[in-house]
> 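Mind having a look at this structure? Questions to follow.
Owing to the predicted nature of the structure, the values given are computational and were not obtained by experimental measurement.
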Amino acid sequence: MVKSSEIDFDYFIGQAVTDVNTKENSTFIIFFENGRLMIECPWRIRKNKEIVLGETDLISDSKKFSLKNAKNILLSKRILNISFYEDLLFIIEFEDNLSLELFHASCYFEGWTLQGENGLDIWTLPGGKVCY
């Protein structure tokens, strides 16, 4: 995997999660102190090497899993690092050994959008190409 070196994610480093959209049947949106991440692609949250919640869990058992679980896990956690591997994987590392991993999986739909209040706007197009 080749890590993208063109995109500077430093603006988000140190920001904490301030909220997570928990409305049923709506887009997964994570709000930071000065930005947000809208997720419309497969994702998972890991603690160390173990998956603690993933998109498939919500789809498979919506009575047991919801975006409220994601909010409980991520709320107030600070971003330590962001890595983007062109066309493959977007990873946000949080404190407490937590990470959020996004996988663009569509040739027809956009995958995710990361926006900062400083005007930074990064998103993946259908097919996975990143734009900013």
> Under 4.5 Å side-chain heavy-atom separation, chaining through any Ile, Leu, Val, Met, Phe, Trp or Tyr, what else clusters with Ile51? Say none if it is isolated.
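Other cluster members: none.
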
> Enter the distance from Asp121:CG to Gln115:CD here, rounded to the nearest 0.5 Å.
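That separation rounds to 4.5 Å.
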
> Provide the closest heavy-atom pair for Ser26 versus Asn21 in the form atom of the first, atom of the second, distance.
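Scanning both residues, the minimum pair turns out to be OG-ND2, 3.0 Å.
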
> Contact between Phe94 and Val17 at the side-chain level, heavy atoms closer than 4.5 Å - yes or no?
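Sidechains of Val17 and Phe94: in contact.
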
> How would you list, by chain and number, every residue that makes a side-chain contact (heavy atoms from CB on, under 4.5 Å) with Cys107, sequence neighbours excluded?
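With sequence neighbours excluded, Cys107 shows a side-chain contact (heavy atoms from CB on, under 4.5 Å) to no residue whatsoever.
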
> With rounding to the nearest 0.5 Å, note down the distance linking CD1 in Ile73 to CG in Leu53.
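One gets 5.0 Å once the value is rounded to the nearest 0.5 Å.
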
> Side-chain contact test, heavy atoms from C-beta onward, threshold under 4.5 Å: evaluate it for Val130 versus Trp123 and give yes or no.
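They are not in side-chain contact.
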
> Provide the closest heavy-atom pair for Ile45 versus Ala70 in the form atom of the first, atom of the second, distance.
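Smallest interatomic distance, heavy atoms only, reads CD1-CB, 4.1 Å.
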
> Starting at CG of Leu80, measure out to CD1 of Ile13 and round the result to the nearest 0.5 Å.
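It is 7.5 Å, given to the nearest 0.5 Å.
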
> Would you check if the side chain of His104 reaches a backbone N or O of Phe109 as a donor-acceptor pair within less than 3.5 Å?
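A pair under 3.5 Å: yes.
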
> CG/Leu98 to CD1/Ile79 distance, rounded to the nearest 0.5 angstrom?
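These two atoms lie 12.0 Å from each other.
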
> Applying salt bridge (charged side-chain N to carboxylate O under 4.0 Å, His left out), name anything that partners Glu33, two or more places apart in sequence or on another chain.
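With sequence neighbours excluded, Glu33 shows a salt bridge (charged side-chain N to carboxylate O under 4.0 Å, His left out) to Arg78, given in chain and number order.
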
> A side-chain contact here means heavy atoms from C-beta on lying under 4.5 Å apart; do Asn34 and Tyr11 qualify?
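Yes - at least one pair of side-chain heavy atoms lies under 4.5 Å apart.
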
> Would you please name every residue forming a side-chain hydrogen bond (donor to acceptor under 3.5 Å, both in side chains) with Ser60, sequence neighbours left out?
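With sequence neighbours excluded, Ser60 shows a side-chain hydrogen bond (donor to acceptor under 3.5 Å, both in side chains) to no residue whatsoever.
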
> Is the backbone N or O of Glu50 less than 3.5 Å from a side-chain atom of Asn48, with the two atoms forming a donor-acceptor pair by type?
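No: the side chain of Asn48 does not pair with the backbone of Glu50.
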
> If we only count heavy atoms from C-beta on, is the Tyr85 to Ile91 side-chain gap below 4.5 Å?
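Contact flag for Tyr85/Ile91 side chains = yes.
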
> Please find the pair of heavy atoms, one from Ser76 and one from Ala16, that lie closest to each other, and give the distance.
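Heavy-atom minimum between the residues: O-CB, 4.0 Å.
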
> Which residue pairs satisfy the ring-ring contact (aromatic ring centres under 6.0 Å, His included) criterion with at least one member in residues 40-59, sequence neighbours excluded?
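Those involving residues 40-59 are Phe28-Trp43.
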
> First locate atom CG of Leu114, then atom CD1 of Ile39, and finally report the distance between them rounded to the nearest 0.5 Å.
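The distance works out to 10.0 Å.
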
> Under the criterion side chain to side chain contact (heavy atoms under 4.5 Å, CB included), I'd like the reasoning laid out for Leu37 against Leu100: C-alpha separation, chi angles, the key distance, then a yes or no.
CA-CA 11 Å; Leu37 174 64; Leu100 172 67; 3.8 Å; yes

> Applying salt bridge (charged side-chain N to carboxylate O under 4.0 Å, His left out), name anything that partners Arg46, two or more places apart in sequence or on another chain.
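By the salt bridge (charged side-chain N to carboxylate O under 4.0 Å, His left out) rule, Arg46 matches Glu101.
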
> Answer yes if Leu125 and Tyr132 sit in the same cluster of Ile, Leu, Val, Met, Phe, Trp and Tyr residues linked by side chain heavy atoms under 4.5 Å apart, and no otherwise.
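Leu125 and Tyr132: separate clusters.
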
> I'd like to check the salt bridge (charged side-chain N to carboxylate O under 4.0 Å, His left out) partners of Lys71; sequence neighbours left out, ordered by chain and number.
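Salt bridge (charged side-chain N to carboxylate O under 4.0 Å, His left out) list for Lys71, sorted by chain: Asp19.
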
> Please list, chain by chain and in numerical order, all residues satisfying ring-ring contact (aromatic ring centres under 6.0 Å, His included) with Trp112, sequence neighbours excluded.
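Trp112: ring-ring contact (aromatic ring centres under 6.0 Å, His included) contacts with Phe84, Phe90.
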
> What are the two closest non-hydrogen atoms of Thr27 and Leu67, and how far apart are they?
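Looks like O-CD1, 4.4 Å.
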
> Checking the side chain of Glu40 only, and the main-chain atoms of Glu110 only, is there a donor and an acceptor separated by less than 3.5 Å?
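No, Glu40 side chain to Glu110 backbone: no donor-acceptor pair under 3.5 Å.
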
> Tell me every residue that passes ring-ring contact (aromatic ring centres under 6.0 Å, His included) with Phe32, counting only those two or more places apart in sequence or in another chain.
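ring-ring contact (aromatic ring centres under 6.0 Å, His included) check on Phe32 returns nothing, list empty.
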
> For residues 53-69, pull every pair meeting salt bridge (charged side-chain N to carboxylate O under 4.0 Å, His left out), keeping only residues two or more places apart or in separate chains.
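Qualifying pairs: none.
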
> Hey, could you give me the CD1/CD1 distance between Ile7 and Ile82, rounded to the nearest 0.5 Å?
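CD1 of Ile82 is found 10.5 Å from CD1 of Ile7.
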
> For the residue pair Thr124 and Leu102, establish whether any side-chain heavy-atom pair is separated by less than 4.5 Å.
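No - every pair of side-chain heavy atoms lies 4.5 Å or more apart.
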
> List for me each residue that meets side-chain hydrogen bond (donor to acceptor under 3.5 Å, both in side chains) alongside Asp96, sequence neighbours excluded, and say none if there are none.
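Per chain and number, Asp96 pairs via side-chain hydrogen bond (donor to acceptor under 3.5 Å, both in side chains) with Lys77.
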
> Starting from Ile29, walk the hydrophobic network (Ile, Leu, Val, Met, Phe, Trp, Tyr; side-chain heavy atoms closer than 4.5 Å) and list everyone else you reach, by chain and number.
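Grouped by the 4.5 Å side-chain rule, Phe31, Met38 form the rest of the cluster around Ile29.
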
